[in-house]
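Below you'll find the structure, written out as structure tokens, and then a few comments.
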Amino acid sequence: MGPGGDEALVGEEVPRDWTPQEKALHEAKVKAKAKHRIRRTSSRDSAREPDISECPMEPLSPRGKVNDKKSRMGKGRGLPKKGGAGGKGVWGAPGQVYGDQELDARDPNYDESDQGDTVYQKVVPELDEVGLQKNVKPMVQEYFEHGDTGEVVALLKELNLGTKSPGVARVAVSLSLEGKASHRELTSRLLSDLVGKVLNPEDIARAFDLILTDLPDLILDTPEAPQMLGQFIARAVADHALPLNFLDRYKGRVDCEHARAALDRAAVLLRIKREIIRLDNVWGVGGGQRPVKHLIKEMNLLLQEFMLSGQVEEAERCLRDLEVPHFHHEVVYEAVVMVLEGCAEGRVIMAVRLLKALWESGLITLDQMNRGFQRVYEELPDLSLDVPLAHVVLEKLIDLCYQEGVITQQLRDQCPSRGRKRFVSEGDGGRIKQ
């Protein structure tokens with residue numbers, strides 16, 4: 001290569017028969033060797049004491065303090081770091097004594113088995129408003145079915161009510177306002193049993209304060225809410241679930257007319273001393289707690305009213321209000337007996353209509369229907385003494401009920417029939433014709 005070639009190829013000539021790729025590779029090798037010689041020479045020169053004339057470097061230039069660990073800002077007290085307690089293999093400053101330190105459970109070397117007996121304690125978080133509704137509402141609804149206050153008390157003790165204790169009574173009373181009279185009676189008993197076990201009278205008072213505030217919204221679904229709430233308050237005071245001065249707290253301080261009506265209702269019930277004794281039946285006696293004679297009387301009145309008005313819906317409502325589904329066979333029995341004693345064509349048709357409506361609505365089940373008719377079958381001989389045509393009327397009623405699908409064929413076939421005995425004539429001496 002001529003004198004105008006690459007300076008990197010000093011003292012070497014490139015053969016003319018090299019390819020461009022081989023030429024480029026050869027030039028790279030030559031450049032790498034030249035850089036290696038320069039680095040090796042500079043490292044030998046650095047061992048000598050540098051001459052100031054050869055290194056005209058500014059004294060304050062940062063390039064001269066590359067490996068200097070001191071502050072470049074000119075600050076600092078010049079003391080060793082960490083007071084001399086730092087450095088590799090050093091466990092603190094000389095003369096320093098460490099005391100016992102509390103073990104950290106998050107320490108990777110923490111061993112739980114070396115810490116002695118471990119006691120585990122169950123922590124129940126305090127309920128919020130959503131948790132209160134989620135836990136207490138199903139509990140109260142189930143209580144309306146079984147009526148066992150002891151089970152409710154046991155379940156509530158497992159919850160951390162905290163400041164939400166008044167919410168228990170509030171939820172129970174609100175649900176009973178939308179329910180039946182028997183539900184309100186059960187709620188009054190529940191409030192009385194909760195005092196001293198889960199709640200205190202002030203919690204009950206706070207619950208009624210909140211319900212009185214919510215009355216404008218409650219009357220939208222339950223128009224009789226003020227009167228019923230007044231009965232709740234009076235019953236709670238009589239049961240010592242509420243403080244005796246609860247009504248006195250509201251004297252002259254009530255602006256809502258619905259709350260005033262509830263408090264006036266409670267004051268009227270508590271005004272006469274003897275009324276406190278009667279407050280045990282402020283909700284009436286409902287369901288299976290009523291005497292059997294009373295239930296029979298109510299069902300007779302129900303049937304008599306239906307025979308006069310013919311309103312099936314009213315009869316169904318009255319039967320539901322009795323809350324004795326296990327005793328509905330008495331309605332079937334009383335209806336059939338009323339037809340047999342009346343012996344009127346219209347009563348037979350109306351009785352069939354009523355039994356069909358009660359059957360289709362589900363108020364009277366197949367078992368209750370069969371039991372009612374079987375009771376009539378068993379007492380038919382005694383009924384025939386007072387009603388000679390009882391067999392004829394009963395057969396007609398049974399046939400109509402079977403045609404309407406009220407009774408089964410098996411029940412129809414069980415109907416007793418009296419055999420006909422014809423006398424020949426008076427001149428035969430009263431002999432029965434064979």
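Just so you know, these numbers come straight off a predicted model, no measurement behind them.
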Legend entry - Stepwise side chain to side chain contact (heavy atoms under 4.5 Å, CB included) check, Leu358 with Val312: CA-CA 9 Å; Leu358 297 177; Val312 178; 5.8 Å; no
Inset, instruction - Carefully, step by step, assess Val237 and Phe232 under the rule side chain to side chain contact (heavy atoms under 4.5 Å, CB included). - result: CA-CA 9 Å; Val237 172; Phe232 265 118; over 6 Å; no
Inset, instruction - Let me see the working for Thr149 and Asp193 under side-chain hydrogen bond (donor to acceptor under 3.5 Å, both in side chains), right down to the final yes or no. - result: CA-CA 7 Å; Thr149 58; Asp193 292 346; 2.9 Å; yes
Inset, instruction - Given side-chain hydrogen bond (donor to acceptor under 3.5 Å, both in side chains), test Thr163 with Glu126 step by step and report yes or no. - result: CA-CA 8 Å; Thr163 58; Glu126 183 177 346; 3.1 Å; yes
Inset, instruction - For the pair His329 and Met369, evaluate side chain to side chain contact (heavy atoms under 4.5 Å, CB included) and give the outcome as yes or no after the intermediate values. - result: CA-CA 6 Å; His329 60 84; Met369 187 72 72; over 6 Å; no
Legend entry - Check against side chain to side chain contact (heavy atoms under 4.5 Å, CB included), His240 and Val195: CA-CA 9 Å; His240 303 286; Val195 174; over 6 Å; no
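Checked for salt-bridge contact, Arg189 and Asp239 miss the test: no charged N lies under 4.0 Å from a carboxylate O. With respect to Lys396 and Asp399, no salt bridge is recorded, no charged nitrogen being found less than 4.0 Å from a carboxylate O. Here Glu185 pairs with Arg235 in a salt bridge; the nearest charged N to carboxylate O distance falls below 4.0 Å. Salt bridge absent: Asp264 and Arg260 never bring a charged side-chain N and a carboxylate O closer than 4.0 Å. Using a 4.0 Å cut-off between charged side-chain N and carboxylate O, Glu202 and Arg249 make a salt bridge.
Atom CD of Glu314 has more than 12 neighbouring heavy atoms from other residues, nucleotides or ligands inside a 6.0 Å radius. Within 6.0 Å of the CZ atom in Arg371, the count of heavy atoms belonging to other residues, nucleotides or ligands does not exceed 12.
Proximity of Gln311 to Phe306: side-chain heavy atoms (C-beta onward) are nowhere separated by under 4.5 Å. The side-chain heavy atoms of Gln304 and Leu301, taken from C-beta on, include a pair separated by under 4.5 Å. Residues Val324 and His326 meet the side-chain proximity criterion, which asks for heavy atoms closer than 4.5 Å. Taking the side chain as every heavy atom from C-beta outward, Met228 and Arg184 approach each other to under 4.5 Å. Residues Asp203 and Ser165 are in side-chain contact: their nearest non-hydrogen atoms beyond the backbone lie under 4.5 Å apart. Inter-residue side-chain proximity for Trp359 and Val332 is flagged as unmet; no heavy-atom pair is nearer than 4.5 Å. When side chains are defined from C-beta on, Asn135 counts as touching Leu127, because their heavy atoms get closer than 4.5 Å. For the pair Ile296/Asn300, a side-chain contact is recorded, criterion being any heavy-atom separation below 4.5 Å from C-beta on.
Minimum heavy-atom separation, Leu186 to Phe144: CD1-O, 3.8 Å. Shortest non-hydrogen contact noted between Ala262 and Leu212 is CB-CD2, 4.1 Å. Here the shortest heavy-atom pairing between Leu242 and Pro201 reads CD2-O, 4.3 Å. Across all non-hydrogen atoms, the minimal contact from Gln133 to Val171 is NE2-CG2, 3.7 Å. Closest of all the heavy-atom pairs between Ala390 and Leu380 is CB-CD1, 3.9 Å. Of all the heavy atoms in Leu270 and Ala234, the pair that sits closest is CD2-O, 3.7 Å.
To the nearest 0.5 Å, atoms CG (Leu156) and CG (Leu199) are separated by 7.5 Å. To the nearest 0.5 Å, the span separating CG on Leu322 from CD on Glu330 amounts to 11.5 Å. Annotation: the span from Leu263 atom CG to Arg253 atom CZ amounts to 12.5 Å, rounded to 0.5 Å. The OG1 atom of Thr365 sits 4.5 Å away from the CD atom of Gln368 when rounded to the nearest 0.5 Å. Distance CG/Leu354 to CD/Glu316: 8.0 Å, rounded to 0.5 Å. The CG atom of Leu355 sits 11.0 Å away from the CG atom of Leu400 when rounded to the nearest 0.5 Å.
Between Tyr377 and Phe373, the ring-plane angle classifies as tilted under the 30° and 60° cut-offs.
A distance-only check finds no donor-acceptor pair linking the side chain of Asn245 to the backbone of Asp248 [under 3.5 Å].
Remark: Lys164 pairs with no residue by the side-chain hydrogen bond (donor to acceptor under 3.5 Å, both in side chains) rule, at least two apart or across chains.
Shown are Leu302, Val376, Val339, Leu303; of these, the side chain to side chain contact (heavy atoms under 4.5 Å, CB included) with Glu334 is made only by Leu303.
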